[in-house]
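See structure below.
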Number of protein chains: 2
Amino acid sequence: MIPKKDGHPHGHETLRARGFRLTEPRRLILDVVRATDVHPTAAFVYRRVRKKLPRVSLATVYRNLRMLAAEGFLAERADAAGMRFDGNTLPHDHFTCLACGRLYDVPARADRAVRARVATRTGFEILNHRAEFYGRCGACRRQTGRSPVKGQRRS
Amino acid sequence: MIPKKDGHPHGHETLRARGFRLTEPRRLILDVVRATDVHPTAAFVYRRVRKKLPRVSLATVYRNLRMLAAEGFLAERADAAGMRFDGNTLPHDHFTCLACGRLYDVPARADRAVRARVATRTGFEILNHRAEFYGRCGACRRQTGRSPVKGQRRS
DNA sequence: TCCTTTTTAGGAATCATTCTCAACAAGGCC
DNA sequence: GGCCTTGTTGAGAATGATTCCTAAAAAGGA
């Protein structure tokens, strides 16, 4: 019931300040996304929120995830199977393990240089960029012989 | 009717060699994706292929796009609105213009260094990586006052 | 309190993608 | 040529994620 103090870049109070009401469903949705590192789908958030608020509607979850992402409280990410959300709004990249399918955060990068190079080469104004890495994570490297798989479970 | 000699990394003959039959629908699907730079959706490809082969089924288009991508003849890309395909299988990055929504190819990059850095920092084995840039393209920069939009048309 | 605005639950609608399956085409073999 | 085996297709149904619609509830302000 009390806003978490968890070191995330935005507090719940900020939400209020931007003209949102911090309703019960919204608070729970935000907390669920921030409390996990699995880059949850809407369905995952829905399941979690329902434990605390059984009558919540799936439409409410979608509506608010979209809204919170549009306002910058969450990050939104498309992958082959649909949309995922990310409570970590600090700039960071992603690593996808081709063996187990897990998605990891890669803390940061120091390459403003990359943007500058692309900007001069193309004439585009670069406002943002993101990198996606693919390979095998530490756990899967240890289990040798495990080969990359195609279909991955959703969560 | 005759395979295009267009500088793309794979010719139709290669398809045959890998155990595919180069059927009429397949040839047309591949040609459509390779003949455009708009990173087409399945629906776009379907519309184009139908001009030459009116009885083609949408399922056939999806089936073969997926198959051709799995075999490396096309690249597959997820964005917020669904899957897009790309005839350019050479390593390249993408630039999305936030003003007009267009997606451009960014020819290449020279940073193996980035991969090495991430690999040592995380302990992951990096097999591949891709960068996505966001900003304003040359055309939109000239039209000042044009602000980024959210909803973009599909094609 | 009354009025206005925002938000919600619930279910229907939409839309991309995949599945099912019977018919069809190609190639090998007799 | 006929006969099998295997891969491919078209058509439409099925699935699944996401969005839309609407009436009711909640919040806030005067």
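Labels below follow one simple rule: chain letters A, B, ... track the order of the sequence lines, proteins then strands, and each chain is numbered from 1. As the structure is a prediction and not an experimental result, all values here were calculated from the model.
- Comparing atom distances between the B/Val56 side chain and each of C/dT8, D/dG10, D/dA17 picks out D/dG10 as nearest.
- Each of C/dA9, D/dT18, D/dT8 was ranked by its minimum atom distance to the side chain of A/Thr60; first place goes to C/dA9.
- Side-chain nitrogen and oxygen atoms of A/Ser57 include none within less than 4.0 Å of the OP1 or OP2 phosphate oxygen of C/dT8.
- Residue A/Arg21 places none of its side-chain N or O atoms closer than 4.0 Å to OP1 or OP2 of D/dA26.
- A side-chain donor from one of B/His92 and B/Asp86 sits under 3.5 Å from a side-chain acceptor of the other.
- Remark: C1' of C/dT8 and OH of A/Tyr46 are 13 Å apart, rounded to the nearest angstrom.
- For the OP1/OP2 pair of D/dT18 and a distance below 4.0 Å, the side-chain nitrogens and oxygens of A/Arg66 include no atom meeting the criterion.
- Residue A/Arg55 contributes atom CZ, which lies 11 Å from atom P of D/dA25 at whole-angstrom precision.
- Here C/dA16 presents its P atom at 16 Å from CD of B/Glu76, a figure rounded to the nearest Å.
- The shortest non-hydrogen separation linking A/Cys137 to A/Tyr104 is SG-OH, 3.2 Å.
- For A/Arg63 and D/dT19, the shortest distance from a side-chain N or O to OP1 or OP2 is not below 4.0 Å.
- A straight line from CG of B/Asp79 to P of C/dA16 spans 12 Å, rounded to a whole angstrom.
- Along DNA chain D, the nucleotide nearest to B/Thr23 and the one nearest to B/Ala59 differ in position, and the one closer to the 5' end is contacted by B/Thr23.
- An OP1 or OP2 oxygen of C/dT8 is reached within less than 4.0 angstrom by a side-chain nitrogen or oxygen of A/Arg26.
- Distances shorter than 4.0 Å separate some side-chain N or O of A/Tyr62 from OP1 or OP2 on D/dT18.
- For the residue pair B/Asp105/B/His39, the side-chain donor-acceptor check at 3.5 Å is satisfied.
- A/Leu65 has its CG atom 10 Å from the P atom of D/dT19, to the nearest Å.
- Taking atom CD on B/Glu24 and atom P on C/dA26, their separation rounds to 11 Å, with Å as the unit.
- What separates CG of B/Leu53 from P of D/dG10 is a distance of 6 Å, to the nearest Å.
- Judged by distance alone, with hydrogens and angles left aside, the side-chain atoms of A/Thr36 form no donor-acceptor pair with the main-chain N or O of A/Val32 at under 3.5 Å.
- The pair A/Arg136-B/Glu125 meets the salt-bridge criterion, since a charged nitrogen lies less than 4.0 angstrom from a carboxylate oxygen.
- Taking atom CG of A/Leu68 as the reference point, atom C1' of C/dT7 lies 13 Å away to the nearest angstrom.
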